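Take a look at the structure set out below.
Every value quoted in this text rests on a predicted model; they were computed, and no experiment measured them.
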Amino acid sequence: MEQRGLGGFFDSYLSTKPLFRNKAVLQSAHTPETIFHRDREINAIAGIMAPSLRGDKPSNLFVYGKAGSGKTLTVKHVARELKKQAVGRGIPVSILYLNCKLKKIADTEYRLIAQLAREFGKAIPPTGLPTEEVYKVFHSAVDSAGGVIVLLLDEIDELVKKAGDEILYNLTRINDELQSAKVSIIGISNDLVFLDALDPRVKSSLSEEEIIFPPYNAIQLQDILSHRAKEAFGEGVLEAGVLEKCAAYAAREHGDARRCLELLRVAGEIAERNNFDKVMIKHIDTADEKIERDRLMAILTSQPRQSQATLYAVVSISMKKQGMVFTGDVYELYKSVCGRISMRPLTQRRVSDILAELDMLGIISVKVISKGRYGRTREIALSVPAPSLPRMKRILEEALSL
DNA sequence: GTCAATTCACATGAAAGAGACCACGGTCTAGTG
DNA sequence: CTAGACCGTGGTCTCTTTCATGTGAATTGACGA
């Protein structure tokens, strides 16, 4: 219907000078050539991993740092260099990287070991085999590969949270049973406290060495950002102060470099879409809002229906009445919502857990309080600004087809 | 007025069940030579 | 005779339920001043 208009749109889109020269360098999948402000960490990790070049087993290492502090990047970088050296000298070193957070890939004991075995070219079915069997396959694969094997387990805290620390115990002990290979583990985690929850045996062997990544400060972020921006954008596209503002925003959020880059990328996209020839400071504010909005939207729509119904109950109540929302109120409303959409309601026990999960996702914030004689409950508050509540409610209604 | 006991309304933990998915081996069946 | 279909068994995994135990301060009620 609007063909001429659309054609014109594409025309004008193509005729405007693109702001981006290479957008990929701002995307999180991008691996930069050089890593800034992490020299100390790089050297430390390299020092720990170096013995593998002599065929010795490097100490197990535990790497900790907040999100976006460059842990994964740095560790992978060192691993890559190590591998290069090893190949150059004909030393058998294999490095396996595995993100334990990836659903359906490495988030349980079975899947983790199966995935590791697959890395050695073994075919393991996604389910159906006894876990012990998979261990055996993995053992023999590792042993026949020989040499030093470094396992990089990213987001290892997620794994332990979901599957317990037995896996780590088994993995750290695996060397006792191997003839020709040596396995060492590098665990990467956002969560330092998680170490304390581990079985002491596992804890001591996993963290023979520990490296902590401090968050980037605003100046360092700005430095990183400016290097990437130079590649990403054309000459003179960024208004003065844009980088500073981006860095400041991200520094506020515990120095998350990933977020910082995303912010700049989205700001660029917004500017481009609105036919600006510069990325301006105001675009950053818009970008910040947009990122937050998209994140929320993604979380809302990807939740299972039960969580959506629960959240819907929370939103409705907090829109209707002032003050705090409690578990009991939510559960009552939740049950009636279930009735309306003919869904079998879950028990309160489960809903209680769902509320805790929503808290983890950062949509609501809960606090367990005691109201004395009137019992103990969760005090629930939405961590979404009040103006966006109606929108949120609409989205949920739609998702639940209310 | 003070202080310990009580009480509420859930939180929190542990264990176990249901149902989906899958591999493997044995049995049956139909098609082929 | 053989390939493929079709069980039954035994395994993992996720989401729940069930049962049991924990918890922190407002309230209560006994007690002493």
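- Using a 4.0 Å cut-off between charged side-chain N and carboxylate O, A:D329 and A:K321 make a salt bridge.
- Rounded to a whole Å, the CD atom of A:E379 is 14 Å from the C1' atom of C:dG24.
- For the pair A:Q308 CD and C:dC15 C1', the interatomic distance rounds to 16 Å; values are reported in whole Å.
- Taking the side chain as every heavy atom from C-beta outward, A:R259 and A:D288 approach each other to under 4.5 Å.
- Nucleotide B:dA9 holds its P atom 14 Å from the CZ atom of A:R376, rounded to whole Å.
- When each of A:T327 and A:R373 is assigned the nucleotide of DNA chain B with its nearest heavy atom, A:R373 is the one assigned upstream, toward the 5' end.
- In this entry the distance linking CZ of A:F326 with C1' of B:dC10 reads 12 Å, nearest Å.
- Scanning atom types as modelled, no donor and acceptor separated by under 3.5 angstrom connect the side chain of A:R350 and the base of C:dT17.
- The separation between A:D353 atom CG and B:dA11 atom P is 9 Å, rounded to whole Å.
- One interatomic measurement links the two molecules: CG of A:L346 to C1' of C:dT14, which rounds to 13 Å at whole-angstrom precision.
- Going from atom CZ of A:R349 over to atom P of C:dG22 covers 15 Å, rounded to whole Å.
- Of the candidates B:dC10, B:dC8, C:dT17, C:dT17 carries the atom nearest the A:T347 side chain, counting heavy atoms from C-beta on.
- With rounding to whole Å, A:Y334 atom OH is found 16 Å from B:dC10 atom P.
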Which donor-acceptor pairs under 3.5 Å do side chains of residues 384-402 of chain A form with protein atoms, sequence neighbours excluded?
from, atom 1, to, atom 2, distance (Å)
A:S388, OG, A:P385, O, 2.8
A:E397, OE2, A:Y312, OH, 3.2

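- If you look at A:F36 and A:H227, their ring centroids are closer than 6.0 Å.
- Under 4.0 angstrom from either OP1 or OP2 of C:dG11 there lies no side-chain N or O belonging to A:R111.
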